[in-house]
Each structure stands twice: as C-alpha cells, then as structure tokens.
Amino acid sequence: MDYLNAFWVGGVICVIGQILIDKTKITSARILVLFVVIGCILGGFDLYDKLISYAGAGAAVPLPGFGNLLANGVKEEIDSEGAIGILTGGLKAGSAGITAAVIFSLLNALIFDPKEK
C-alpha cells in the first residue's frame, strides 16, 4: 500500500505541474519556484510532513518536498541558534541535495556535449 500511496500522490503533484505548463502562460521555471514555495509554506505549518508520512517518497522527492526540507531546516536552526538560523537553516538542511545536484550536473556536462538553445 505504501507504493500505491507514493505513486498516486507523486503523480498528482506531477499532473498539477503539467496542467500549469499546458493551460497557463507561466514559465516552467516559475512553476518550479511555485512548487518549492508551496512546499515551504506547507512545511512551515507542519502540513507537508503529514503528507510525507502518508505518501513517503511520493511527497518527499518532488519539489514541494525540497521546500518542506528548507522550512524544517530553518525551524530547527532557529530553535538551536536563534535568529541566525533564518539564514543558515535552509542551507544546512538542503546541503546534501544541492551538492549532489551540482556534482551530477558537472559530470553530465563532462560526459555529454552541452549546447545552447
């Protein structure tokens, strides 16, 4: 049942993104930012963690999950370090994912021949 919940929740998130791409004039980059911001807002109110506990990776892996990770990192860092946690919490929480994205992007650019559009 866990796989089914992850599949349908992740699928709904993707369908919402595809509908926004197809039916609006919003650019893909703005849709991505919108998803991260929505995840951050829901994470700030502890709503997205409930979705993650229900759907697992189906909710944690898409972009709203990254926004939730940032929000949780800021909340934890504020509790331990005070106001400076507003600036450092999101970066500490997301550092592994950000580093992986940079490294894999570099490897991709080295292996393949990147071209401008």
Got a list of side-chain donor-acceptor pairs under 3.5 Å for residues 79-90, not counting sequence neighbours?
| unit_1 | atom_1 | unit_2 | atom_2 | d |
| --- | --- | --- | --- | --- |
| S80 | OG | E76 | O | 3.4 |
| S80 | OG | E77 | O | 3.4 |
| T88 | OG1 | I84 | O | 3.3 |

Could you pull out every donor-acceptor pair under 3.5 Å between side chains of residues 19-26 and any protein atom, sequence neighbours left out?
| unit_1 | atom_1 | unit_2 | atom_2 | d |
| --- | --- | --- | --- | --- |
| D22 | OD1 | Q18 | NE2 | 3.1 |
| D22 | OD2 | Q18 | NE2 | 3.4 |
| T24 | OG1 | L20 | O | 2.3 |
| T24 | OG1 | I26 | N | 3.4 |

I'd like a table of donor-acceptor pairs (distance under 3.5 Å, sequence neighbours excluded) in which one partner is a side-chain atom from residues 52-70, with atom names and distances.
| unit_1 | atom_1 | unit_2 | atom_2 | d |
| --- | --- | --- | --- | --- |
| S53 | OG | K50 | O | 2.7 |
| Y54 | OH | N5 | OD1 | 3.0 |
| N68 | ND2 | D49 | OD1 | 3.1 |

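Note that CZ of F35 and CD1 of I16 are 6.0 Å apart. Values are rounded to the nearest 0.5 Å. If you take CG on L106 and CD1 on I111, they are separated by 9.5 Å, rounding to the nearest 0.5 Å.
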Subject >> Evaluation steps, side-chain contact (heavy atoms from CB on, under 4.5 Å), between V36 and L32 >> reply: CA-CA 6 Å; V36 172; L32 297 175; 5.8 Å; no
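Hydrophobic clustering (ILVMFWY, side-chain heavy atoms < 4.5 Å, transitive): F7 and V9 are in distinct clusters. The hydrophobic cluster containing L42 also contains F45, counting ILVMFWY residues as joined when their side-chain heavy atoms lie under 4.5 angstrom apart, directly or transitively. Linking ILVMFWY residues whenever their side-chain heavy atoms come closer than 4.5 Å, directly or via other members, leaves V74 and L47 in distinct clusters.
In terms of heavy-atom proximity, A71 sits nearest to C40 at CB-O, 3.4 Å.
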